[in-house]
Amino acid sequence: MTLQKTGRIFTKIALTPLRTNLFHIVLSAIFLTIGIFGASAQEVPVKPATTTATEKPVDSLVINPVAFAEGDSVKKKKKGLDAIVKRTAKGYEKLDQKNKMLILHDEAELNYTDIQLKSGQIIMKYDKDEVFAGRLKDSLGNYTQYPYFKQGNNVVEADSIHFNTVSKKARVWNSRSDQGEFRVRGELTKKENDSVYFIKGARFTTAKDINNPEYYFYSPKIKFVPGKKVVVGPTNLVIADVPTPLMLPFAFFPMTTKAESGFIVPTFGDNNRQGYFLQNGGYYLALSEYYDLAILGDYYTNGSYGLRFQSSYAQRYKFNGNVNLRFENNLQSERGFPDYAKSKQYNIQWSHSQDGKANPNSRFSASVNLGSSQYYRQSLNLNNIGASLNNTMQSSVSYSKTFQTVPQVNFSLSATHNQNTNTKAINMTLPTLQASVDRIFPFAPGDAPKKGLIKNINLQYNLRGENRIATYDSLFFKPEMFRDAKSGLQHTIPLSTNFKIFKYFSVTASTNYQETWVMNTVKREFNADSAKALTRDIKGFDSFRTYNFSSSIGTTIYGTFPFGEKSKIQAIRHVMRPSVSYSYSPSFDQYYDYYQYDASGALKQYSRFDGGLFGAPGQRYASNVGIAVNNTFEAKVRNDDEKDNKGEPKKVMLLNNLNFTTSYDMAADSLAWQPLRVSAGTNLFKEKMNINFGTTLDPYAINNAGNRINTYNIDNGGSLFRMTSANVTLNYSITSEDGKSGDGEDEDSQTARNGGREDDLFGRATDLSDSRKSMFNEEDDTKEGKTEGGFFNAKLPWDLKFAYSLTYSNNARERKIIGNSIMLSGNLDITPRWKMGFSSGYDFVQKGVTYTQLRFERDLLSWRMDFNWIPIGQNTSWGFFIGIKSSVLSDIKWDKRQVPDRVIR
């Protein structure tokens with residue numbers, strides 16, 4: 001190929017006498033700037049500074065090496081290159097020693113220090129420390145082989161590049177690069193000096209396709225100071241190549257790789273009872289690289305308000321967690337009106353987990369969810385709607401440590417909390433101490449086999465101490481709460497052994513000694529003045545000791561029923577595990593006294609340990625025989641799958657369990673037999689459907705008052721057993737993808753942290769503090785079966801969760817179904833960019849639709865749009881959101897929501 005002379009192509013770049021080897025550092029800063037601001041969705045040809053009528057524009061890349069060499073009339077002495085230049089070219093390589101020029105043509109590649117440059121053509125003027133790279137035209141006139149520049153992790157693509165390795169000045173035409181979440185294109189980028197860069201015609205976006213973005217921000221000029229700031233002129237939002245009225249006269253962006261503090265834009269809306277509101281606005285504080293804090297608030301025009309403090313923390317390879325403190329002051333109507341009401345509610349959440357490798361011998365964890373019993377039911381925040389259907393809140397904080405001694409010692413401290421939101425009752429342990437010493441085999445040498453009755457004898461020591469508090473929501477953390485606390489310690493020494501008899505029968509025997517120390521007892525006595533029996537709490541140490549004995553014998557029976565190898569079902573295997581157990585517990589009458597309970601002088605028996613932390617010792621002599629039969633059934637099925645070359649039959653589980661349990665009290669004078677409990681469970685449809693069944697069968701009859709009598713039901717004109725209760729549960733979860741069941745929500749989702757279900761059967765929480773959370777997964781864009789046209793080729797992805805529950809009661813011949821409900825939840829891909837989700841159900845007893853939620857979401861590539869609607873019930877609400885997915889521009893959004901109308905009681 002012959003190069004034609006066309007005159008000067010480039011504007012001269014002045015050289016400085018300073019010669020350094022920091023070329024790669026300079027270019028890194030240049031392209032970092034380009035990557036953050038200035039991307040164009042269309043090509044904008046840039047003409048050279050001076051051209052004539054016969055000259056061609058720079059984009060044609062018809063270059064005269066001689067003219068390029070004549071760019072500087074002042075001759076200067078050169079010291080040569082600072083490093084070895086590695087180069088390749090598919091077309092040709094030309095080294096012009098006279099003009100000190102290296103020309104690489106067609107698939108040219110040049111490697112100099114840590115810089116890699118690929119282009120259609122590269123010209124290196126090594127005596128002037130200048131490098132030029134440009135594209136080529138193919139036979140059809142289309143541009144190919146665009147310049148590709150890489151230094152470290154920075155990659156830049158452009159139409160042409162011209163830089164000086166010494167002065168560190170450079171120009172880049174139509175640059176395209178990625179920096180973080182931004183994809184940028186600039187018409188012309190100029191590096192003026194070490195600290196100032198200018199970009200002309202900058203277009204920046206978070207769209208994946210930089211050449212055809214769905215939207216971009218256009219600014220005619222940008223000034224950039226590396227590592228400090230970016231200052232832009234007038235900036236206009238362009239959507240689908242159509243300029244919008246959204247414009248800023250100027251903007252300032254601080255440059256940092258660390259998290260930055262800033263304001264959080266609130267959501268605007270209204271409801272019927274609180275009026276207009278601004279919800280979830282506030283300030284984010286990037287306190288350090290290990291923890292942060294978000295301060296959020298809500299304000300309603302009727303005076304209601306809410307405050308939330310959210311913090312996340314983490315230290316790699318050690319621990320991570322988050323803390324949420326939430327308070328709401330809700331007003332209904334206006335003061336002076338009959339329906340005026342006021343409610344103050346709070347909620348505390350804390351989740352902490354430790355890396356298992358951080359310390360293998362000790363572990364700390366926390367899962368806290370406590371607060372006002374009515375918080376979730378009266379909260380106006382859509383985060384909490386799913387949790388409003390729960391009746392309990394639970395918390396646990398624990399620390400455990402293992403001492404590697406012989407024998408091993410385990411120690412743990414924990415605090416627990418259980419709160420019933422209906423009764424407002426709270427039960428807490430602050431704290432619970434547990435310690436145990438590992439098993440000791442006194443009659444077996446260290447490593448000798450532990451076989452037989454004697455060598456298998458082992459004992460342990462267990463210690464449990466509690467400080468238990470039972471209170472109510474209204475007394476939480478008030479003096480009355482701690483006044484009624486109960487404390488105590490319990491020491492347990494179990495002694496056990498196991499052995500075989502007649503080769504097939506396994507026998508276990510154990511005895512248990514227990515000593516209980518308590519700090520609270522009671523004394524009951526008759527008060528003559530009030531003519532009533534009074535109970536006084538006695539503070540002080542007291543103790544009692546108990547013991548018991550138990551043993552069991554069991555075996556395993558296998559049975560196979562063959563049907564022939566030619567049958568579809570070749571055989572059925574039945575595994576039966578029968579067992580008989582015996583337990584003995586004496587009567588501890590020494591811990592019981594008598595007291596006068598009325599004016600007639602009648603006496604009753606009581607124990608001073610009644611109502612204590614660990615209860616009172618048993619007064620009733622017990623001698624029980626337990627009977628249990630556990631069964632499993634599986635089939636061997638002929639394998640007709642042609643893909644399976646082995647041809648071996650498949651095992652299919654028919655019944656996971658079929659269990660029968662009952663007991664007989666040999667010390668009872670009447671009603672010695674306990675009801676027979678029957679339970680069964682199985683999995684169907686490749687283990688996607690789980691079915692469980694249970695029933696209780698009572699051998700005794702009942703009288704007209706519904707009380708059990710000491711007469712067998714069969715002798716009272718009935719059947720052998722009287723069914724008193726039954727229940728059936730069915731769970732089904734399936735998805736169209738690879739036949740796998742749906743996974744539901746993440747365990748760390750806001751719904752799960754609030755105490756709700758991890759699946760979507762009770763709906764999905766709307767996290768107003770992070771509108772970027774989506775129903776779409778990151779891998780959705782690459783799923784098989786999708787096309788960019790907006791329709792599916794073949795597959796229609798979906799997932800479905802189904803739950804059914806039926807409960808029957810017949811304790812007093814009522815023959816009544818007390819529970820009968822069905823719940824559904826699912827997600828459906830209507831098109832590759834449209835998703836629909838729903839949660840609903842029906843209660844056949846109450847004859848009403850259960851909690852219902854509809855979810856719609858549109859993936860607009862770099863944008864996201866969703867609509868959530870709860871059409872019925874006390875949580876009726878809706879929300880619409882459209883905004884940019886990227887966290888960098890997450891404040892560019894439109895969020896309109898109608899929160900539920902809460903009735904404060």
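S261 contributes a side-chain N or O that, together with a main-chain N or O of A286, makes up a donor-acceptor pair within less than 3.5 Å. Under a 3.5 Å cut-off, the side chain of E857 and the backbone N or O of D866 do not form any donor-acceptor pair. E214 contributes a side-chain N or O that, together with a main-chain N or O of S862, makes up a donor-acceptor pair within less than 3.5 Å. The backbone N or O of E107 lies less than 3.5 Å from a partner atom in the side chain of Q145, making a donor-acceptor pair. With S311 contributing its side chain and V323 its backbone, the two residues share no donor-acceptor pair below 3.5 Å. Checking side-chain atoms of K125 against main-chain N and O of N99 turns up a donor-acceptor pair under 3.5 Å. Formation of a donor-acceptor pair under 3.5 Å by the R176 side chain with backbone atoms of N174 is found in this model. A donor-acceptor distance shorter than 3.5 angstrom exists from the side chain of T831 to the backbone of W834, with no hydrogens or angles considered. Of the possible polar contacts, one joining the K885 side chain to the L861 backbone as a donor-acceptor pair under 3.5 Å is found. Formation of a donor-acceptor pair under 3.5 Å by the D138 side chain with backbone atoms of N142 is found in this model.
Centroid-to-centroid, the aromatic rings of W863 and Y215 come within less than 6.0 Å. Outside the 6.0 Å centre-distance limit, the rings of Y290 and Y313 are not counted as a close aromatic pair.
To the nearest 0.5 Å, the span separating CH2 on W894 from CE on M865 amounts to 14.5 Å. Taking CG of L95 as the reference point, atom CG of L102 lies at 6.0 Å (rounded to 0.5 Å). In this structure, CD on E157 lies 7.5 Å from OH on Y148, to the nearest 0.5 angstrom. Going from atom CD1 of I123 over to atom CG of D96 covers 11.0 Å, rounded to the nearest 0.5 Å. Atom OH of Y283 and atom CD1 of I295 lie 9.5 Å apart (nearest 0.5 Å). Put simply, NZ on K86 and CD on E109 are 11.0 Å apart, with the number rounded to the nearest 0.5 Å.
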Carefully, step by step, assess Y284 and D292 under the rule side chain to side chain donor-acceptor pair (under 3.5 Å). CA-CA 8 Å; Y284 174 80; D292 61 5; 2.8 Å; yes
From CA spacing to verdict: side-chain contact (heavy atoms from CB on, under 4.5 Å), S119, Y146: CA-CA 6 Å; S119 183; Y146 285 82; over 6 Å; no
Before you tell me yes or no, could you show the steps for K100 and D127 under salt bridge (charged side-chain N to carboxylate O under 4.0 Å, His left out), namely the whole-Å CA-CA distance, both residues' side-chain angles and the distance that decides it to 0.1 Å? CA-CA 6 Å; K100 307 296 182 182; D127 67 330; over 6 Å; no
Mind running side-chain contact (heavy atoms from CB on, under 4.5 Å) on H352 and F319 for me, showing each step along the way? CA-CA 7 Å; H352 179 95; F319 56 80; 3.6 Å; yes
Mind running side-chain contact (heavy atoms from CB on, under 4.5 Å) on R171 and L188 for me, showing each step along the way? CA-CA 7 Å; R171 289 186 180 182; L188 177 62; 4.3 Å; yes
Salt bridge (charged side-chain N to carboxylate O under 4.0 Å, His left out) evaluation trace for D829 with K835: CA-CA 5 Å; D829 285 15; K835 269 186 182 288; 2.5 Å; yes
Would K200 and K221 satisfy side-chain contact (heavy atoms from CB on, under 4.5 Å), going step by step from the backbone distance to the final call? CA-CA 5 Å; K200 177 183 177 182; K221 56 183 178 179; 5.9 Å; no
Stepwise salt bridge (charged side-chain N to carboxylate O under 4.0 Å, His left out) check, E93 with R87: CA-CA 9 Å; E93 299 179 21; R87 78 277 183 188; 3.2 Å; yes
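Put simply, the side chain of P234 does not reach to within 4.5 Å of the side chain of L248, judged on heavy atoms.
Evaluated for a side-chain contact (heavy atoms from CB on, under 4.5 Å) with F204, the options T235, I199, I210 yield exactly one hit, T235.
Ring-plane geometry between F149 and F163 is classed as perpendicular, the angle between the planes exceeding 60 degrees on a 0 to 90 degree scale with a lower cut at 30.
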